[in-house]
Each structure stands twice: as structure tokens, then as C-alpha cells.
Participant: 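This is the structure, below, for whatever I ask next.
A, B, ... follow the sequence lines: proteins, then strands. Residue 1 opens every chain.
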Protein chains: 2
Amino acid sequence: MTQFSIHARFDGPIVILGFGSIGRGIIPLIERHLEFNKNLLTVVAPTGNDFGLLKSMGLAYIEVSLTRENYRDVLKPPLFAGGKQGLIINLAVNVSSLDIMRFAKEIGCLYIDTAIELWPDFYDNPDRAVQERTDYSLRESVLALERQSPGGPTIVTCCGANPGFVSWLVKEALLKLADDTGQNTVVPESASDWAHLAQRLGVKGIHIAERDTQRSAAGRKLGTFVNTWSVEAFVTETFRPAELGWGTHEKQLPRDARRHDLGCDASIYLLRAGGKTRVRSWTPMAGPQQGFLITHNESTSIADYFTLRKAGKVIYRPTCLFAYRPCDEAVLSLYDMYDAKCPERSNWHVLNEDEIVDGADELGVLIYGHSKNAFWYGSRLSIQDTRKLVPFQNATTLQVTSAVLAGVIWMIENPTSGIVDTDRMDFRRCLDIQRPYLGRIIGQYTNWTPVDDRNLYVPEELDRSDPWQFSNMIVR
Amino acid sequence: MTQFSIHARFDGPIVILGFGSIGRGIIPLIERHLEFNKNLLTVVAPTGNDFGLLKSMGLAYIEVSLTRENYRDVLKPPLFAGGKQGLIINLAVNVSSLDIMRFAKEIGCLYIDTAIELWPDFYDNPDRAVQERTDYSLRESVLALERQSPGGPTIVTCCGANPGFVSWLVKEALLKLADDTGQNTVVPESASDWAHLAQRLGVKGIHIAERDTQRSAAGRKLGTFVNTWSVEAFVTETFRPAELGWGTHEKQLPRDARRHDLGCDASIYLLRAGGKTRVRSWTPMAGPQQGFLITHNESTSIADYFTLRKAGKVIYRPTCLFAYRPCDEAVLSLYDMYDAKCPERSNWHVLNEDEIVDGADELGVLIYGHSKNAFWYGSRLSIQDTRKLVPFQNATTLQVTSAVLAGVIWMIENPTSGIVDTDRMDFRRCLDIQRPYLGRIIGQYTNWTPVDDRNLYVPEELDRSDPWQFSNMIVR
């Protein structure tokens, strides 16, 4: 049997919210790499999940849907067991991250999640302005909570594959790029040092560029929605407005773009659903590809982190966006989702590791606009490798759970940091923990730009003087 | 063994151009339903086709790519054999329909095709205006040939599933709709009688609404282009501008629309590739779905045929468009075709009847805007039924070849009609010939309109006062 490194020890209670594809996958990773008291681990998840695994492992669970009304009563007993500081791993959908964060701060508990979630009936509430439904606004609400009551127990926000892992990749990629372009660089420490490095390298922007080629033997049936991770979470984000961090090199706001009145102003949103908006991008496996411009926390957080100001004025910021090419069955599911009409929940299906016959998830950052044009850096994780590495997971979920693992370890090692996102965590420590689970780490330069192979049939307006303008990327 | 009806007899030479999926399929149908001299049948097709079938059947073939320079020399010997009037079935791509039509007229030969094709290097010639590359312009060139030298041997243009078969369906559907709405109607004869009927029924428009659910066991491999019929023909039409017949009820031209300076003016084109343009539509199998607004001859020809004028002014015309949801593997192939960069020919693949595991092609006409809202009428042909009916064909190709068969028979029965399209042929005779090969004929009313399930997440401008405006159909 392989001997796994124990990275840290945690004596208090651990409560995991949610038991979907990520919840199922995180438990074996924690068991391998964290010394903890199994009797103090509790999963809280609604009816409908498969709790058989937990029973067979002898782990406690509470079968309940968390609501605004019940979450304190449900969570207090397991979190106060043992009398030591607790740790919440929030992997649930439809549970307000902000409320649980507040609660964690109040009871002095550590907390980590992979996305900022809300109580249900938020996104589809017609009384909410489009702007309120942006990821930008959700992120601002978390920043506001930190301003209101700074410090305290560490609360890690948005620490999955992306948002999360990709923020660490950006930093490692920038150091490689500096190295490959002959720049001697000490590893930056502060956000502004990092931004200075990106500026010096001439980076215009960053795509979170993902290609998922995993596929099932059975194929997708008419009327179903199939994905390699949560259908519910994916569908919700495809409905929301497309958003992207808005770089200083961009010449013109898109015609359907809006800026925010409040907050950091690092990103813009478009008056179009992300699942109906495509952008030209590139990954090593696919070459040129079109991905969905899905709203994601990292599009704003990375753009914000790498912003330079002089006398209050923004003088440098990279564009940052998520260009996501999901697995084939998800593309078809999305294609067939008639406007906002998603199939019934009973027709949702997340492909598990046994159903997937082949394919890989290639998730990385495409850093572009510099002297070597563009550099993709990231993880190519095949389903075959995933099966060898861990139980209960496909390639997509392992990229998430390994990031959660890294976040949990880092949080235990840094327990009094207040609210932090992954841009402000130690990227080297986190990547070291995660690396055994990432398959092949690939760094590849490409000469591709978004104006390649254009204008062949129907004339398009292109800015060939600057191929890396967003106006050249978006598919109109 | 089933006894097949012999519909007609033809003593002269028959020359089939092209031996792709349609060419392979038409031969057994002709053998079943036409009395002809096998020794006078010749297939002309380029190297790369599988001629084994012809060899095993003892049929003659000429292995050559037809060009502007060689077509007369190649076609004369087989067409002049036997000393009787010949018949050309043009199923080739990249062979100019107009040149072959002229040649047929000149030598007094019958002729039929399924689309207006051109010599290669036309569509991707950057010197050609977008307008020249429209189906509208191709159709006008055929109309001009008929005006130049009217009459003569029958030349049937655009007689496949669509364009072709669907024009016959429109008429049968209108009669059913008249019947179901309690209107006593004599079957109209002239185009203007038909247009009067459509107007009286309150028809605002017609979708050629198709859903193909056929799928292979193997699934599509990365970097391939897979379809249930010619990849080459499909890819070419997806690159061309979206076009549609433009009805008199439409309130506003789309912002990217252009009208034509010359010709019948029945349709408009959009400055966007059809393969990047989607419209909301409906079929019984799928319910609401989005299809590609692919340019097709019937979008203009049907709109033109049903146009009413008063003192030279157009007073009635239905909108007419092709809303095509190809098979899953074709949707993915199209999704992954980076801008105009199609995979190499060696990575093209047409799914044959043995590879397809299940699914059906549902091809019909959705007639909308009348007192019963919308009526879909058409053929649902499964791969299982197709295999029982004919050899060498899938559901998609059989809908085409059975229409070609009907056209060939009608042409032999009406040999001196000059150039005609399917709107001007005897729809009852043609459908009677075709019906045994159409699977289930379905007529279904629906309450669906294109404004259903809209505006849930990102606000859209909708015209709810008239749900059947094109502005409500197009996906923006």
C-alpha cells in the first residue's frame, strides 16, 4: 500500500456540507493526508444523496436540507462536539456561503468553500437586477463581510479547481514565463509585486482555458442533462450573465457590457447568459477551441489581484475570463436546454468514474499578449490516471477535491487569517499538496491568436493590430 | 420477397453523378421501382468512393472527378449509348448544376439534382460578395436559365428531402389544416390558389423543422467531423450566410439582414454564417428546440411560391426557414469547428446504417401563426425501420433518396416541362411514391410559441404581441 504524506493534524470536529460528486471525493483525500478524529467528522446533506458510502465507512451524517431557518440548529451540535475549534467544508449548493461564513466567524470555526453560494430562489427571482446576480456582486458581499469584521478564524473563499487552483497556476506560470524570457525575478510577495511582474512581462490577459474530453459509453439520452460534475451548479452558472475581468489594454467596452457602480470595478458583465456566449481560446489537447464565457469568481479576483494603481488611477490590469469547453455530453445538454428550460431534476446525471470510458480534463491558464505570444500552463488529468489515484472520482472532480485538500491544509497551518481567497494563499505550499493528483502538468507556448482562420466566409470586423483584444475573442 | 410496384419505365441511359451516401442509396430504389436497362446505367464519381458495391452489382462506373473542362467528354459516351433520351441524376458535390443543366438541355436529356451545386473554389473565394454566395442567387441563376431558353426536357432542380420533399409536405399539411379548421377546400392548382389558401388560413410562416437523434455506439473522436450525410455539403452550407424567406407579417428587418437588388425578393440573408445562427423551433420528438438557420433553397422557393401580389405589390408571403438540429455528433463537430477551420478530409466521417445504434430523423414542416397556433407535419423515420426498408441507408439519406426516386418517376411521366422545382410538381403523385419509405407520418398541433420560457435570467427584448415574429425566434 502506498504511504501517503500526512500534511497536518486537526483535533476538532469537521463538518462537510453537501455530498455530491465533490463531497464523495474529498473524504478519502482527507483521510490520507490529514490526521483527524474520525468520530468527529459529520456530513450534512439532503435526502437523495447516496449515503451508503458513509455507512460503510462508519462516518456520521445528518440527512437534512440546510435552510436559512435551520442551519444554526443543525450545525451547532456536530461543531461543538469535542470542545475544540471546528472546521466547515462547504461543498453544498443552495446554501448561503455568506451566512455560514458569518456563523463560522461567530463561533470561531475554520471554513472553506469552492464557490459563493446563495439560498435558493435568488437567481431566478425576476425582481433582482441583473447586476445583483453577477459573481462580482457575490464577491463584493464577501469582501464587505471582511471589512465589517476583519481578521478572526481563517475563512477560505472559492477554493476549488476554478476558482481556486487556477490562481496558484497563474503565479507559477508567470515565474516560468519570466524564466523563459530571461528575466531574473525574485518570487514576488505582495499583490502589487505580482502585478508589477505581469505588467513587466507584457501580459495582456489570462484565460482559464479548460477542455474536458471525458465521455461515457452509453452516450446522452434525449431530454437529459449530463455533466462530469454538479448539473445544478453548472446550469445555474450558465444562466447567469457572462462576466470577465476587464484589462487596461482593451480599447472598447463590448456593446452589451455594463460596469458596476460599487466595489473594485475589476470586471464587467454582459447582458447575455454565459451559456449562450462563446469565446475563442486554446488548450494543448484541443488547439483552438471555443469555450463558454461562464461567470466565475476568479475572473474578477485574478484581475483585481493583478491591478496596479497610481494615484488612485488603474494603470495596469489583465483581462481575465473563463473559457470552458465542458465534456461533449454537457455541450449537447446545454445546446438542447431550450432557453432557460432545464430538464427535470430526475433527468440530471453526473457521470461517475465507472461510466466514463475515456478522456481527460485539461484545466489551465492561457497567459497571453507577451513577447512569446501565449503560454498555457495547467493540468491534464485523464480518467485512467484518476482511477489509479483515487476512489469515487472522475478527472474533473479530482481537480476540485485536491484543491480543497490543499486549502484545508493551508487553513489549518494558517488559522487566523480572516477571510482570504486563493490569490492570497501560499501558492507553492498549496500546489505542492495538490501536485500528486494533477496528472501531467503541461507548459506549452503557442503561436495561436484569436484572429487566426477568420473572415473566410462572412466578413467580420477584426482588430488585427491587436489580436488579443476581447473584441476578437467573443463569438458574435 | 416483397413485391415492389413498378412506377414507370425508362429505356434510355441513366447516368448518376456522385457516389456518396445518397448515390449508394438511390440505386436499390431505382431497381425496385423503375423498369430500366441495367446495362445503360453508369455511375460517375471521383476516386476515394467505395466502388465495390457497383462491381458486385455488375454496374458500370467511371472513376473521375468532373471538372469544368472534362464534363462534356466524360458524360457524352454513357449518355449517348443506346440512342435514346438519357437521364442524369446529379448527386455530386462540387459539380456545377447549372453547367450540367445547360448540357442536358442541349442534348435533350432529363436531369434531376438535390441542390444547386457549383464548381469548387466558389464559396471560399474572398473576391465574391456575400450576396453572390447566397442560395437565393444560385436559385436566381437557375430561374434565369429557364427564362433564357424556356421549356425543353424536364430539368428538376433541388429534389431531395429538403429542398424537395418538404414542399410536398407543405401542401398536404395546408389541406389538413384547412380540414381541421372546418374550411371546405378544393385542392388548389395554381401557385396563387395555394397562396390564397395559406393566406386564408392565417399562416404566418413555415419552419422546415428537423431533429436527427441518430447516434453511433463509438461516439465522436476529438478532431473529427461526423454527420449522417455528406460532411462536405453540410460544412459548406454552415459556412454560408443564414437565409430565410421573409414574410409580410414581419415588422422589422433583423439588424444584420440584407435584401437582394435583383430577382424575386422573396428572401433575405443575414451577415452571419448559418452554422453560427440558431432559431427556436419545435418538433414532436424534441418539443421546443433550437436549430441552425442553415441556408436552403426551399426557404426561398416556398416563400416565393406562396407570394401573393396585387398590382405588382406583395400583399402576402409566409416567412420560411430551415431550423436544423442535426445529430449529436454533427452538433459537436460543428461546435468544435474553430471558425472556418474544418478538420482535414481524412477526419470526415458519415455514419452508416451499421454504425448507428439508435435514433430517428424527424423531418417536417411547422406551419404557424394560424387559428390553431402551430402544426407540425412530417416524417419520423427510425434507423431500425430504415434498415428493414432498404439496404445501404440511414434514416437521413432515405428521406433524400426516396424524394429523388419520386422526382425521377415524375420526370419520366412529365418529360417536357423545362426547368421545375418541387413546388411546381404534383405533390400527391410524388408523396404516393415516397410514402412507403417515410416511416411514421405525423401531424401534431402544439401550443408552443417562440416566446415560451424566455426572460428568466437575462432580460431580452420580446414582441409578445406577436409571438411568431422572426425577432422572437432568432437566438441572440
Side-chain angles (χ1 to χ4, degrees), chain A residues 123-124 126 129-130 133 211 213 215-223 236 238-242 256 269-276 278 280 282 285-290 325 328-329 331-332 335-341 357-359 448 450-460 475-476, chain B residues 123-124 126 129-130 133 211 213 215-223 236 238-242 256 269-276 278 280 282 285-290 325 328-329 331-332 335-341 357-359 448 450-460 475-476:
Chain A
Y123 296 121
D124 51 0
V130 175
R133 281 179 268 140
R211 176 65 181 254
T213 63
R215 56 179 192 163
S216 73
R220 174 180 162 262
K221 271 189 250 148
L222 192 69
T236 303
T238 65
F239 284 158
R240 293 166 62 200
D256 43 7
Y269 63 100
L270 309 184
L271 290 176
R272 351 178 353 153
K276 290 186 180 175
R278 287 201 266 164
R280 296 169 176 89
W282 190 94
M285 206 158 59
Q289 69 172 11
Q290 296 182 353
R325 170 54 168 88
D328 282 1
E329 286 154 80
V331 168
L332 290 168
Y335 182 98
D336 284 340
M337 193 166 69
Y338 180 78
D339 284 299
K341 206 172 172 197
V357 285
D358 57 17
W448 171 85
V451 297
D452 290 2
D453 300 305
R454 299 286 287 275
N455 265 348
L456 278 179
Y457 293 86
V458 176
E460 301 176 282
V475 178
R476 294 286 187 188
Chain B
Y123 297 120
D124 51 0
V130 175
R133 282 178 266 140
R211 176 65 180 253
T213 62
R215 56 178 192 163
S216 72
R220 173 179 164 262
K221 272 190 246 145
L222 193 68
T236 302
T238 65
F239 285 158
R240 293 167 61 200
D256 44 6
Y269 63 100
L270 308 184
L271 290 176
R272 348 176 359 153
K276 290 186 181 175
R278 288 200 264 164
R280 298 171 175 87
W282 190 95
M285 204 158 58
Q289 67 171 11
Q290 296 183 353
R325 171 56 168 87
D328 282 2
E329 286 155 81
V331 169
L332 289 168
Y335 182 99
D336 284 340
M337 194 166 68
Y338 181 78
D339 284 298
K341 206 173 171 196
V357 285
D358 58 18
W448 172 84
V451 297
D452 289 1
D453 300 306
R454 300 286 288 274
N455 265 348
L456 277 181
Y457 294 86
V458 177
E460 300 177 281
V475 178
R476 293 285 188 189

Participant: So what's closer than 4.5 Å to chain A heavy atoms on R220(B): side chain, backbone, both or neither?
Facilitator: both
Participant: Do NZ/NE/NH1/NH2 and the carboxylate oxygens of D336(A) and R211(B) come within less than 4.0 Å?
Facilitator: yes
Participant: Of all residues at least two apart in sequence or in a different chain, which pass the salt bridge (Lys or Arg N to Asp or Glu O under 4.0 Å) check with D256(A)?
Facilitator: R272(A), R476(A)
Participant: So which part of Q289(B) gets closer than 4.5 Å to some heavy atom of chain A, the side chain, the backbone, both or neither?
Facilitator: backbone
Participant: What option among Q290(B), R280(B), R215(B) has the most heavy-atom pairs under 4.5 Å with chain A?
Facilitator: R280(B)
Participant: Could you tell me which portion of W448(B) (side chain, backbone, both or neither) has an atom closer than 4.5 angstrom to a non-hydrogen atom of chain A?
Facilitator: side chain
Participant: Report the distance from atom CZ of R278(A) to atom NZ of K276(B), rounding to the nearest 0.5 Å.
Facilitator: 8.0 Å
Participant: Is it true that the NZ or CZ of R133(A) lies under 6.0 Å from the centre of Y269(A)'s six-membered ring and within 45 degrees of the ring axis?
Facilitator: no
